**Q** 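Below you'll find the structure I mean.
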Amino acid sequence: MTMRLCHAIVPVQDYDLDATLDSGQVFGFRATPSGWEGSVSSCWMRLCGRDQSIEIEWMGNSTGEAVPAEILDFLGAGVSLGPILSSFPQDAVMRRAVAACRGLRLLKQDPWTCLASFILSSTKQITQIKQIYAALCLRLGDRLRAPPDAEVRHAFPLPEAVVRAGEKVVRECKAGFRAAYLVEAARRVLTGEFRLGELANLPIAEARAELMNLPGVGPKVADCVLLFTGAHAEAFPVDVWIARALRELYFQGKLVSLDQLREFAARHFGPHGGYAQQYLFHYARVHGMPWEAPA
DNA sequence: TACCAGGAGAGCG
DNA sequence: CGCTCTCATGGT
């Protein structure tokens, strides 16, 4: 059976697709002249953000078929942003961060891809993480069904492929000291020793502790996985950018420890703390630090 | 060139 | 505990 390129336009509100795909939560999407190309669960897609909609292309069996549920779920196209933004603390900092990029979204990622991505992210710039990610896809990932002009042609490798490849090959994809971590994490996921699917069912503290038993997973990476897979909306990853921003904006630049910052964040940012964090991260990254209060 | 990157682990006092 | 050092590599 021959696959065909399908096309749909999905209406959305308050959805800045460009900012969302370029916000450091996903590393497998590439901006091409035809739109953003990437994949979810071996399903190739190409996305274009319009004013009140997202244009979606994918490979289907027949014309006129519905957009695959995995893609809609990944995008969170039906999620209303209003109540989330309203739940943020009404301080000057958050108002500025939201005003700077209304429409920034959190995506709902595949747990294994997300875990692997953030194990690879440690002490790496976003551009480098994308390079490692792309190298692993090319070397070890399944071939995607994609149109002839597609630039993204491979899925992120499954745990089995990573285990089979081994540390040496993963290192050749520029993963460095993270290679051993990734292979061991893949092995535990593959054997069922670690159950990624259970994280959403556990209380956040337990889910976090489980993740931190994996090699290469500390507090920050654990929170990224909890947040970016949609398992726990209050997870608040504290990286170097967020740490700088919180110290600058809420602690007069004082040397507050990471643990203290996490504790403060859990109290201050509410049930959608992870969303608040993403707005702060984006603002800090785009505007640079320190950011001065408006006159 | 020097510094730093969406950190984590191990060793130290 | 909390601090420091190391890990691998490349962007800016």
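Quantities reported herein were computed from a predicted structural model and do not represent experimental measurements.
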**Q** Can you list every ring-ring contact (aromatic ring centres under 6.0 Å, His included) pair that touches residues 186-209 of chain A, not counting sequence neighbours?
**A** none
**Q** Under 6.0 Å from the NZ atom of A:Lys220, do we count more than 12 heavy atoms belonging to anything else shown?
**A**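 Buried by this count: over 12 neighbours within 6.0 Å.
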**Q** For residues A:Pro147 and A:Met59, report the shortest heavy-atom separation together with the two atoms involved.
**A** CD-SD, 3.7 Å
**Q** Among residues 167-177 of chain A, which residues get a heavy atom nearer than 4.0 Å to DNA chain C?
**A** A:Arg171, A:Lys174, A:Gly176, A:Phe177
**Q** For A:Lys124 and A:Asp259, find the nucleotide of DNA chain C closest to each by heavy atoms; which residue's nucleotide sits nearer the 5' end?
**A** A:Asp259
**Q** Any salt bridge linking A:Glu172 with A:Arg139? Criterion: basic side-chain nitrogen under 4.0 Å from a carboxylate oxygen.
**A**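 Here A:Glu172 pairs with A:Arg139 in a salt bridge, since their nearest N and O are under 4.0 Å apart.
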**Q** What is the minimum heavy-atom distance between A:Phe251 and A:Leu261, and which atoms define it?
**A** CE1-CD2, 3.8 Å
**Q** What donor-acceptor contacts under 3.5 angstrom involve side-chain atoms of residues 63-83 of chain A, with partners at least two apart or in another chain?
**A**
residue: A:Glu65; atom: OE1; partner: A:Asn61; partner atom: N; Å: 3.2
residue: A:Glu65; atom: OE2; partner: A:Trp58; partner atom: NE1; Å: 3.1

**Q** Using residues 116-135 of chain A as the side-chain source, report each donor-acceptor pair under 3.5 Å to any protein atom, sequence neighbours left out, with the distance given to one decimal.
**A**
residue: A:Ser117; atom: OG; partner: A:Thr113; partner atom: O; Å: 2.7
residue: A:Ser121; atom: OG; partner: A:Phe118; partner atom: O; Å: 2.8
residue: A:Lys130; atom: NZ; partner: A:Asp22; partner atom: OD1; Å: 3.4

**Q** In this structure, how many angstroms lie between the C1' atom of B:dA8 and the CG atom of A:Asn213, rounded?
**A**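 In whole Å, B:dA8 C1' and A:Asn213 CG are 14 Å from each other.
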**Q** Checking A:Tyr250 now: which residues fulfil side chain to side chain contact (heavy atoms under 4.5 Å, CB included) with it, not counting sequence neighbours?
**A** A:Asp91, A:Val93, A:Met94, A:Leu246, A:Phe264, A:His268, A:Phe269
**Q** Rounded to the nearest 0.5 Å, how far does CE of A:Met3 lie from OG of A:Ser62?
**A** 10.5 Å
**Q** With a strict under 4.0 Å distance from non-hydrogen atoms of chain A, what nucleotide opens and what nucleotide closes the contacted stretch of DNA chain C, reading 5' to 3'?
**A**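 Contact span on the strand: C:dC7 to C:dG11.
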**Q** Under 4.0 Å from OP1 or OP2 of B:dA5: is there any side-chain N or O of A:Arg178 that close?
**A**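 Checking A:Arg178 against B:dA5: no side-chain N or O falls below 4.0 Å of OP1 or OP2.
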**Q** Take atom C1' in C:dC3 and the same atom in B:dG6, then report the distance between them in whole Å.
**A** 23 Å
**Q** Under 4.0 Å from any atom of DNA chain B, heavy atoms only: list the residues of residues 102-119 of chain A that qualify, in numerical order.
**A**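 Residues of residues 102-119 of chain A under 4.0 Å from DNA chain B: none.
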**Q** Donor-acceptor pairs under 3.5 angstrom involving side-chain atoms of residues 97-104 of chain A: please list them, not counting sequence neighbours.
**A**
residue: A:Arg102; atom: NE; partner: A:Asp14; partner atom: OD1; Å: 3.1
residue: A:Arg102; atom: NH2; partner: A:Asp14; partner atom: OD2; Å: 3.3

**Q** Rounded to the nearest Å, what distance is computed from the CG atom of residue A:Leu120 to the P atom of nucleotide B:dA8?
**A** 13 Å
**Q** List, by chain and then residue number, the residues other than A:Leu158 in its hydrophobic cluster (Ile/Leu/Val/Met/Phe/Trp/Tyr, side-chain heavy atoms under 4.5 Å); write none if there are no others.
**A**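 Reading the cluster by chain and number, A:Leu158 sits alone, since nothing else belongs.
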**Q** Can you tell me, in whole Å, how much space there is between the C1' of C:dG10 and that of B:dG9?
**A**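 Per the computed distance, 23 Å lies between those C1' atoms.
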**Q** Let me know the distance between CH2 of A:Trp241 and P of B:dG7, rounded to the nearest Å.
**A**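 Going from A:Trp241 (CH2) to B:dG7 (P), I get 11 Å.
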**Q** Whole Å only: how far is the CD atom of A:Gln128 from the P atom of B:dC3?
**A** 17 Å
**Q** Can you tell me the distance, in whole Å, between the CD atom of A:Gln125 and the P atom of B:dC3?
**A**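 For the pair A:Gln125 CD and B:dC3 P, the rounded distance is 15 Å.
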**Q** Mind jotting down which residue pairs meet the ring-ring contact (aromatic ring centres under 6.0 Å, His included) criterion with at least one end in residues 2-23 of chain A? Sequence neighbours excluded, please.
**A**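 Sorted result for residues 2-23 of chain A: empty, none.
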**Q** Would A:Gln109 and A:Val26 count as a side chain to side chain contact (heavy atoms under 4.5 Å, CB included) if you check the C-alpha gap in whole Å, the side-chain angles of each, and the deciding distance to 0.1 Å?
**A** CA-CA 8 Å; A:Gln109 299 183 43; A:Val26 287; 3.5 Å; yes
**Q** Donor-acceptor pairs are to be reported for all side-chain atoms of residues 207-218 of chain A against protein atoms at under 3.5 Å, with residues two or more places apart or in another chain.
**A**
residue: A:Arg208; atom: NE; partner: A:Asp223; partner atom: OD1; Å: 2.8
residue: A:Arg208; atom: NE; partner: A:Asp223; partner atom: OD2; Å: 3.4
residue: A:Arg208; atom: NH2; partner: A:Asp223; partner atom: OD2; Å: 3.4

**Q** Listing time: all N or O pairs from protein to nucleotides 9-11 of chain B that are below 3.5 Å?
**A**
residue: B:dG9; atom: OP1; partner: A:Gly216; partner atom: N; Å: 3.0

**Q** Using only heavy-atom distances, decide whether a donor-acceptor pair under 3.5 angstrom links the side-chain of A:Ser121 to the base of B:dG6.
**A** no
**Q** Whole Å only: how far is the CD1 atom of A:Ile126 from the P atom of B:dC4?
**A** 18 Å
